[in-house]
2 protein chains.
Amino acid sequence: MSNTKMTIREMCDAFDVTPRTLRFYEAKELIFPERQGQKRLFGKRDRARLKLILRGKRFGFSLEEIRQLLDLYHMDDQQQTQLARTYEIARERLADLEARRDEMTEAIDDLRAQLKWGEKMIASVSTARNAAE
Amino acid sequence: MSNTKMTIREMCDAFDVTPRTLRFYEAKELIFPERQGQKRLFGKRDRARLKLILRGKRFGFSLEEIRQLLDLYHMDDQQQTQLARTYEIARERLADLEARRDEMTEAIDDLRAQLKWGEKMIASVSTARNAAE
DNA sequence: ACACAGCTTGACGTTAACGTAAGTTCGACG
DNA sequence: CGTCGAACTTACGTTAACGTCAAGCTGTGT
């Protein structure tokens with residue numbers, strides 16, 4: 001299914017990014033493709049991480065912030081000593097996200113109100129031709 | 001009330017930005033402070049716009065995108081000829097915002113699920129000491 | 001008159017997130 | 001064996017969004 005390793009080009013086509021971007025993310029240790037000789041091979045884990053990276057970018061996070069978040073999603077079993085601490089951080093991040101979403105909802109409501117005003121303007125312009133107060 | 005014009009420093013203190021940032025935004029035509037002689041004076045409109053700018057930044061919009069959005073909020077009465085077109089654009093932007101918010105909600109749910117998994121791990125680690133499958 | 005605090009305008013520096021170009025390497029194919 | 005295309009490395013270029021520093025104006029207190 002989605003078990004097959006993908007080449008860099010397949011990745012680019014699938015996620016609509018450039019090779020440069022994938023190599024850059026690897027250099028920044030956001031993804032860890034295997035090597036078959038010279039070439040990179042991207043597995044399931046890398047695809048999952050890339051998906052999260054692109055999502056994070058749409059939310060306005062920096063790559064460094066995204067790297068932190070990725071570490072929360074992909075904890076390897078070594079780090080269980082710091083699990084509690086990690087959990088703390090994750091809770092904070094979650095709070096951040098929720099705050100942002102609420103603020104975004106507010107912005108949406110604002111814009112929506114603005115649009116209603118716009119509707120009235122359009123109506124008044126198309127019927128008569130007076131300025132509103 | 002909030003009718004008084006503010007100096008650049010008052011603005012900086014109020015919004016936690018640097019003078020450089022405000023001048024930069026003016027240069028990019030995001031805000032339009034008056035001049036009293038040499039100095040800038042920021043009125044109610046500029047404060048409203050700055051608030052939207054900072055909000056937009058938290059959402060991950062570029063300053064150029066934000067400028068477009070600001071034009072939707074602050075339509076001066078000249079542009080009513082293009083009102084319908086503006087309205088179109090605003091609807092698209094609104095759809096963007098809603099899509100982003102929904103995606104963010106999804107991300108929140110994901111992270112929350114991850115945290116529940118984390119809780120279990122903490123519990124199992126604190127009581128016994130076996131690796132989960 | 002003088003100092004000085006605060007604002008101004010350049011102008012150059014910096015960081016993040018890639019783009020782009022130049023040259024190398026490697027497996028497949030005629 | 002030659003070469004062709006795809007992926008690789010190295011390295012310099014670019015854009016956005018400011019930071020920082022120098023040098024000059026301006027009002028205000030002493």
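From A:Thr21, atom OG1 reaches atom CG of A:Leu30 across 11.5 Å, with rounding to the nearest 0.5 Å. Expressed to the nearest 0.5 Å, how far CD1 of B:Ile66 lies from NZ of B:Lys57 amounts to 7.0 Å. Distance check: A:Glu26 CD to A:Phe32 CZ gives 9.0 Å after rounding to the nearest 0.5 Å.
A salt bridge links B:Asp110 with A:Arg55; the closest basic N to acidic carboxylate O contact falls under 4.0 Å. At a threshold of 4.0 Å, the pair B:Arg9-B:Asp13 counts as salt-bridged, since one of the basic side-chain nitrogens sits closer than that to a carboxylate oxygen.
For the pair A:Leu22 and A:Arg40, the minimum side-chain heavy-atom distance is 4.5 Å or more. Looking only at side-chain heavy atoms (C-beta outward), B:Arg58 and A:Met104 stay at 4.5 Å or farther from each other.
Between A:Arg40 atom CZ and D:dA6 atom P there is a gap of 17 Å when expressed in whole angstrom units. Computed from coordinates, the A:Met11 CE to D:dA7 P distance equals 13 Å when rounded to whole Å. Between the P atom of D:dT10 and the CD atom of A:Glu26 lies a distance of 12 Å, rounded to the nearest Å. Atom CD of B:Gln36 and atom C1' of D:dC25 are 15 Å apart (whole Å). Regarding A:Ile8, its CD1 atom lies at a distance of 17 Å from the P atom of C:dG27, rounded to whole Å. Per the geometry, NZ belonging to A:Lys39 stands 12 Å off P belonging to D:dT9, to the nearest Å. C:dA5 atom C1' lies 15 Å from atom CD of B:Gln38, rounded to whole Å. The distance from atom CZ of B:Arg35 to atom P of C:dG6 is 19 Å, rounded to the nearest whole Å.
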For nucleotides 19-21 of chain C, print each protein N/O atom paired with a nucleotide N/O atom at under 3.5 Å, atom names and distance only.
from, atom 1, to, atom 2, distance (Å)
C:dG19, OP2, A:Thr18, OG1, 2.7
C:dG19, N7, A:Arg20, NE, 3.0
C:dG19, O6, A:Arg20, NH2, 3.1

Would you tabulate the nitrogen or oxygen pairs shorter than 3.5 Å linking the protein to nucleotides 14-17 of chain D?
from, atom 1, to, atom 2, distance (Å)
D:dA17, OP1, B:Leu63, N, 2.9

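Residue A:Arg9 places at least one side-chain N or O under 4.0 Å from the OP1 or OP2 atom of D:dA7.
Residues A:Phe61 and B:Ile108 are members of one and the same hydrophobic cluster, defined by side-chain heavy-atom contacts under 4.5 angstrom among Ile, Leu, Val, Met, Phe, Trp and Tyr.
Residue A:Arg23 is in base contact, counting any heavy-atom pair closer than 4.0 Å across all strands shown.
Among residues two or more places apart in sequence or in another chain, the salt bridge (charged side-chain N to carboxylate O under 4.0 Å, His left out) test is passed with A:Glu29 by none.
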